[in-house]
Structures are given as structure tokens and as C-alpha cells.
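First the structure, in the form of C-alpha cells, and then the observations on it.
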Protein chains: 2
Amino acid sequence: MSRMRLDPGRITGIAVTIVDDRGFDALSLSAVAERLGVGPSALYSHVAGLDGLRRLVAVHAMNNLVARVREAAIGVSGPAAVRSVSDAYRGFARTHPGQFRFTVMPRSDDPELAAADDELLNVFALVYRGAGLDPGRSARAARSVRSAIHGFVTLEMAAGPAAAHEAHYRELLEAVAAMFPARPGRSGNRRGAG
Amino acid sequence: MSRMRLDPGRITGIAVTIVDDRGFDALSLSAVAERLGVGPSALYSHVAGLDGLRRLVAVHAMNNLVARVREAAIGVSGPAAVRSVSDAYRGFARTHPGQFRFTVMPRSDDPELAAADDELLNVFALVYRGAGLDPGRSARAARSVRSAIHGFVTLEMAAGPAAAHEAHYRELLEAVAAMFPARPGRSGNRRGAG
DNA sequence: ACCTGAACACCGTTCAAGT
DNA sequence: ACCTGAACACCGTTCAAGT
């Protein structure tokens with residue numbers, strides 16, 4: 001019976017489910033094929049082997065991260081916006097650790113992943129733009145702040161559960177605030193004439 | 001012939017060589033056993049399977065990173081010392097990408113890895129101590145700066161070779177300097193009286 | 001065009017057997 | 001005490017065969 005209507009989208013969806021449920025290392029063509037009620041070799045008609053599937057999952061994970069961070073940037077401005085997007089970044093990593101690991105997969109010359117990377121940095125940059133920083137300084141702030149948040153979350157997850165992480169995270173946010181002072185306001189609910 | 005004199009140290013050494021030469025994913029019990037001229041199952045007398053070997057490699061990698069960073073902190077002070085230890089951190093990741101990945105392995109309740117982590121942070125903290133920061137502020141600076149460097153290097157390696165990375169790295173160092181101003185001097189070759 | 005099923009090479013792991 | 005070698009379960013991948 002060839003009723004399963006396999007296609008890259010469905011396959012990637014199952015793959016992401018497995019990654020969310022059982023982690024990065026649990027992703028295998030066999031596991032995906034089993035959930036689809038099909039033999040592992042059937043997947044080769046739609047996906048370029050395990051590496052190809054991994055790339056699709058990486059794209060999916062990057063887009064999810066971008067979407068989360070983008071949402072967190074809506075309706076806030078200034079230092080609160082920096083905190084909000086940082087919290088969203090960290091929140092994605094903690095609620096989807098498997099996808100987060102795919103976020104940092106080797107991406108040599110992959111235009112789709114590079115585009116997602118640019119979008120992610122652009123959200124951070126726009127937050128700083130709204131806080132009064134000029135374009136160049138906003139772009140630099142975006143890269144540095146994203147590095148800091150990413151590094152913190154990576155190390156925190158490797159270290160495992162520990163009560164001190166919350167305090168350390170707040171310390172990092174303070175350090176980031178000192179790094180690039182973001183003035184509140186400007187975009188959104190400003191009131192004065194200027 | 002049982003001449004191979006297997007022991008955890010030798011096994012770990014071969015494992016690190018493989019990781020350095022062919023990367024994180026190339027580490028397997030089979031590959032290690034082959035280089036030792038022995039069957040894969042022979043390793044189980046000295047190592048707790050693949051997971052056990054990975055943990056040994058992680059400890060080795062952490063100790064190597066600490067040693068590199070520690071060396072870089074000798075004979076320098078102030079902002080130059082911050083730059084030096086950061087460069088060492090980044091240099092280790094670039095020259096030993098396989099070991100660097102083991103550096104961030106899940107380490108739940110592993111005292112040896114936790115100790116190495118503390119030592120690493122302590123080097124950063126001592127640099128800031130020497131630059132005039134009080135103990136509490138030095139410890140916070142150490143954690144935040146290490147996060148920033150780690151995140152940058154992780155993302156830079158995932159992105160693959162790109163000319164812009166050098167400029168972005170220098171931007172990060174400037175941001176870090178703004179984050180925790182490190183006054184030059186105090187320890188080492190100071191000249192003035194006070 | 002797409003899936004099956006056999007086949008192959010490769011893993012990690014266990015365990016009885018040798019020494 | 002330590003290594004061998006067979007055995008098992010599990011991978012990814014290829015390919016001829018069916019439909």
C-alpha cells in the first residue's frame with residue numbers, strides 16, 4: 001500500500017518531533033521511517049539521506065528560533081526589549097534543546113540558513129535601532145549580544161540544572177545593558193514632540 | 001599476543017588524536033581499537049563504553065583549554081590580559097574544533113568537569129582581579145565574558161570560514177571592554193607609587 | 001514515480017571461551 | 001586480569017524488483 005503520501009515536509013515534521021521528544025542524537029532515518037510506517041530506504045526518494053534531513057531540521061529550527069525572537073520584540077522597546085528577545089532566545093533553547101543544537105550546525109554556503117541567521121541578527125539590530133543606536137552600532141550590538149546570550153545558554157545547558165543559573169543570567173543581562181546602553185522609548189508610545 | 005598494554009590513558013590519548021584529526025563525530029570505539037591493534041570489545045576492560053570514553057575525552061579537552069588560557073594570562077595585565085585569554089580561548093577552539101565540542105558536553109554532577117570549569121572561570125576572574133575589580137565583580141565578569149567569547153566562537157565555527165569574522169571578533173572584544181573596564185597595571189610592572 | 005525488501009558495510013555491546 | 005571472537009541488535013545506504 002503506497003498510501004503514506006511521503007513528502008519532505010511531512011518527513012521534516014516527524015523529524016522535528018523526534019528531536020523535540022528525545023533529543024539531537026535520537027534523530028535517525030530509521031526512527032522517522034518507523035513513525036511513518038515505511039521502510040528507511042523509502043525516505044531516499046524525498047530527502048538526501050541523513051545529512052539532508054539534518055539540514056532540513058536545522059532550517060526548521062532556525063526559523064522557529066527567529067519566529068520566537070521576533071514575537072518577543074513586538075510591543076516593547078528599549079532595555080525591556082533587549083531583555084525580552086534575550087529571554088525568548090533562552091526560552092527556545094530550554095524548551096527545545098534538540099532544535100537548539102541543530103541551530104548551530106555547520107552551515108557552509110547554505111543560503112537558506114544564512115538568511116535565517118541574518119533575520120535573527122536583524123531582530124536584535126532593530127531593537128537597538130529603536131533604542132536610539134545608529135545602524136552600524138546596532139548591527140555590532142546585535143552580533144555581540146547574540147553571541148553572549150548564545151554562549152550563556154550553551155554553557156548553562158551543558159552544566160545541567162543548577163539554581164545559580166538564574167542569577168547568572170540576570171548578571172549577563174546587566175552586563176549586556178552596560179555594553180550597549182539602550183534608551184527606552186522612541187518607537188511606539190512616545191508622547192513628546194521631540 | 002597481549003602486548004598492547006592497554007590502559008585508560010593510552011586509550012584516551014588515541015581518542016583525542018582521532019578527535020583532533022577527524023572531528024567529534026569520528027570518535028568511535030572501533031576506530032580507537034583499530035589504532036591500538038585490538039578488538040573493540042577489549043576496550044571495555046578499561047573504559048565504560050563509548051559514553052565513558054567520551055567523558056574522558058571531555059575531561060582531557062577541558063584541561064587542555066584551561067592550560068592554554070592559563071598560559072595566556074601570564075605576563076600580561078589589564079585590557080591586554082583580557083584580550084590575551086580571549087584569544088587563547090578562541091585559538092583553542094579553532095586549532096582543536098573536535099576537542100572544543102567535547103568541552104561543552106553534558107556534565108551532570110561530574111566533579112572533575114565541574115572543577116575544570118571552575119578553574120577556567122578563575123583564570124578570567126583573576127585577570128579582572130588584577131585589573132582592579134573586587135572579587136564579586138570579577139567573578140561576574142568572568143562568567144559573562146566567558147559566555148560571550150564562547151558564544152562567538154561557537155557561532156563563528158558553525159558559520160564556516162568568512163573574512164568578516166575577524167572584524168566581528170574585534171568588535172566583541174571592544175564590547176567586552178565596555179562591559180567590564182579593566183584598568184591596566186596593578187600586578188606586574190607598575191611604576192608609580194599610588 | 002515511488003516504495004519494498006534484500007543486501008552490504010558499519011556501529012556498540014555482551015559474553016563465553018581462552019591465556 | 002585481560003583479550004579474543006562470535007553473536008546480537010541496530011544503523012545508513014544502495015539497488016534491483018515490483019506497482
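So you know, we letter chains A, B, ... as the sequences are listed, proteins then strands, and number each from 1.
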Rounded to the Å, how far apart are B:Leu27 CG and C:dC10 P? 18 Å
Could you state the atom-to-atom distance from CZ of B:Arg54 to P of C:dC11 in whole Å? 13 Å
Near A:Asp134 CG, under 6.0 Å, is it more than 12 heavy atoms from other residues, nucleotides or ligands? yes
Measure CZ/A:Arg5 against C1'/C:dA1 and give the value in whole Å, please. 10 Å
Please report whether the ring centroid of B:His96 lies less than 6.0 Å from that of B:Phe92. yes
Identify which nucleotide among D:dT13, C:dT4, D:dC11 has an atom closest to any side-chain atom of A:Ser30, counting heavy atoms from C-beta outward. D:dC11
Centre of A:Phe102's six-membered ring, under 6.0 Å away, within 45 degrees of the axis: is that where NZ or CZ of A:Arg54 sits? no
In whole Å, I'd like the distance from the CG atom of A:Leu53 to the P atom of D:dG12. 10 Å
Considering only side-chain heavy atoms of B:Leu50, which listed nucleotide, C:dC11, C:dC3, C:dT13, is closest? C:dT13
Tell me if the side-chain of A:Ser41 makes a donor-acceptor pair with the base of D:dG12, cut-off 3.5 Å, by modelled atom types. no
Please report, rounded to the nearest Å, how far the P atom of C:dA7 is from the OH atom of A:Tyr44. 19 Å
What is the distance, to the nearest angstrom, from the CD atom on A:Glu34 to the P atom on D:dA9? 16 Å
Side-chain donor-acceptor contact under 3.5 Å, B:Tyr89 with B:Arg68: no
Atom pair distance, as rounded to whole Å: CG in A:Leu29 and P in D:dC11: 10 Å
Length of the line joining A:His46:NE2 and D:dG12:P, which is rounded to integer Å: 18 Å
Whom does C:dA6 pair with, Watson-Crick or G-U wobble, provided both distances fall under 3.5 Å? D:dT14
